[in-house]
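Reckoned from all heavy atoms, side chains included, excluding hydrogens, waters and symmetry mates. Owing to the predicted nature of the structure, the values given are computational and were not obtained by experimental measurement.
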Amino acid sequence: MPDDARGRGSFDPMELWKPWIEATGQIFLAAAKAGAEPIAQSGEWLKLLDEARSRMLRDQASLADPWTALREWYEATTAIWSKAAEDILSNTAFVEATSRLFNNAMSQQMAQRRSAEQQAAALQLASRSDVARVAGLVVALEEKVERIEEALASAQEHVNTGTSPGTEHNLDERLERLERKLDALLASAEPRASTPPERPASRTHLAAVQPPSEPSAPARRRSRVKSRGHPSGTAS
Amino acid sequence: MSQGDSTPTSAFQALEAGMRMLAEGARAETGQTPKEVIWSRNKARLYHYLPVVTQQLPVPILLVYALINRPYILDLMPGNSFVEYLVGEGFQVYLLDWGIPGDEDAALSFDHYVLDYLPAAVRNVLRHAHAEELTLFGYCMGGTMAAMYAALFPDKPLKNLVLLTTPIAFPPDQLGLLGLWTRAEYFDPERVIAAYGNAPAALIDHAMRMLKPVTNYVGTYVTMWDRLRQDRPMDTWLAMNTWVTDGIPMAAATFRQWIRDFYQRNLLAEGELRLRGQRVRLTNISCPVLIIAGKRDHICPMPQTEATMTLIGSQDRTFLALDAGHVGLLTGSDARSQMWPNVRNWLLPRST
């Protein structure tokens, strides 16, 4: 930056400082009116004021460039402005007042919305809610199509894996019933022992007396499951 | 424009560029990682990000974002994209974009999102990835929905759950400014619904900005002018500003639930939240869970995420607190060196 630019069009930082102090004082006063504790805050605020002033005056050469001056001013004061904003926004009296304002604004908006609907109806024009109703019908139709797509995809998956929903569970049950019947048949076909068993033959008991070459019921079931994927497969 | 050059021509160019940005609004190309739509329902789209490595991990990740703002914050721009990073690390990545609700969607609530949309998205992810299990990754309110899903469907196919800056608990005295403003005596969501139907994007946007008004309304533009004056790259600023100003409305029924059941009554953490009559018990969550919180997060303060550790039933649970804010956790140079590798390192052994 040329040397002669420092004095040309420059401003006195103290002149810039005065309105800032006034604005800060007003914030301080508003905080006090809102019920904050000004005495507790004043010490901290004065410290921040002093720090901001020192920062601004540290490099007076940069203040000749308006943008740099503004940026320095922002850097110096952002902390105190942020704190002031946070103090106000977290003050319950402020929130209560804002809440009332907000509710009034919502009431007005509600009236406006109702009025717009009525005007559209009077002019025989489609209103926002009419368009939404039609869009809702389209969405419902789309969901029906998606349900069909999902059912098709699910059916395709089961075809690919050779099962259908619930088939596996049903097959197992039916196989168990068949095996019980077969076991009962085998038991009745076998020669009777000298001392009849005191309790009905259990599958465990039958499994113990089966000839070794005969596969056990679980083994028979496993072999049937393995051959399930082959239409012409048979139990080994 | 060269750095520090204060000649009238360069200053004027910076001024011109800045004024154009203010007048036209920030515009940037975002969400650039190649993707395809594999499923859609109503406004929601399920994206699959195209792989860049041949060997991929078998457990896919389904990213679930919030119902506030657009989800491309997860894929902000090349070189600053969490999605791009995960894809590069060999994960199969999917993202559920909820879309922009219209007036016809006013009745959509968490019941629909958690009990209808999420399960359908999960089914389609598994079908597309030919997988039996998946990782749910929820960000912000998306994490809240992911946690509710995990509580209601704790078994397979859910393998892992990652919750990033996710509000689960809403203790009245630890919610910050949002908690104060949404108190029942100050805020009735029914008034907004009666006035607007769906909660307007502008209302939600301004509420978020007023949490730090000086930074959001002034500081952002001070940074913009500063970068223009110093001839520094503007793409990150533009991408972030595009996202910040790209808010979406929230369906009326969801807005009512979010304010009443979560902020005002804290039903989820109390175990009293019901979706279609089903009680959502976070203790049912049994899969491995990674919870990430930001120490400087003023939108979802740490107590809201920290409480998750004591509410879930998982044995394998990890809490990670990083020195970042709500969005800074996910994007930027700090995110690249902290959050991203932490997520990868946690997920890798749990995705085989």
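- Closest heavy-atom contact between B/Leu96 and B/Ala121: CD2-CB, 4.0 Å.
- Heavy atoms of B/Trp39 lying under 4.5 Å from chain A belong exclusively to its side chain.
- Below 4.5 Å, heavy atoms of chain A meet heavy atoms from B/Val192, B/Ile193, B/Ala194, B/Ala195, B/Tyr196, B/Gly197, all part of residues 192-201 of chain B.
- At a heavy-atom separation below 4.5 angstrom, chain B is approached by A/Val95, A/Glu96, A/Ser99, A/Phe102, A/Asn103, A/Met106, A/Ser107 within residues 95-107 of chain A.
- A donor-acceptor contact shorter than 3.5 Å is absent between the side chain of B/Arg232 and the backbone of B/Arg229.
- Most heavy-atom pairs under 4.5 Å with chain A: of the set B/Thr215, B/Asp188, B/Leu180, this distinction falls to B/Leu180.
- Looking only at heavy-atom pairs under 4.5 Å with chain B, the residue among A/Thr78, A/Val134, A/Leu89 that has the most is A/Leu89.
- Among the candidates B/Leu211, B/Asp226, B/Val218, B/Leu177, the residue making the largest number of heavy-atom pairs closer than 4.5 Å to chain A is B/Asp226.
- For B/Asn124, the part sitting under 4.5 Å from any heavy atom of chain A is the side chain, from C-beta outward, and nothing else.
- Counting only N and O atoms by type, the side chains of A/Gln119 and A/Ser115 include a donor and acceptor under 3.5 Å apart.
- For B/Asp205 (side chain) and B/Ala202 (main-chain N/O), no donor-acceptor pair under 3.5 Å exists by modelled atom type.
- Ranked by heavy-atom pairs under 4.5 Å with chain B, the list A/Val145, A/Thr92, A/Val131 is led by A/Thr92.
- The two residues B/Pro303 and B/Gln174 make their nearest non-hydrogen contact at CB-OE1, 2.8 Å.
- Under the 4.5 Å side-chain criterion, counting only non-hydrogen atoms from C-beta, B/Tyr94 is not in contact with B/Leu126.
- Judged by distance alone, the side chains of B/Asp297 and B/Gln304 never bring a donor and an acceptor atom under 3.5 Å apart.
- Between B/Glu132 and B/Lys156, at least one side-chain N (NZ, or NE/NH1/NH2) sits under 4.0 Å from a carboxylate O, which counts as a salt bridge.
- Ion pair A/Glu117/A/Arg128 not flagged as a salt bridge, since none of the NZ, NE, NH1 or NH2 atoms sits closer than 4.0 Å to an Asp/Glu carboxylate oxygen.
- In summary, of the residues considered (B/Asp105, B/Leu108, B/Ile248), a side chain to side chain contact (heavy atoms under 4.5 Å, CB included) with B/Lys43 occurs for B/Asp105 alone.
- Between the B/Glu104 side chain and the A/Arg133 main chain, no donor and acceptor come within less than 3.5 Å of each other.
- Between B/Phe262 atom CZ and B/Thr254 atom OG1 the span is 10.0 Å, to the nearest 0.5 Å.
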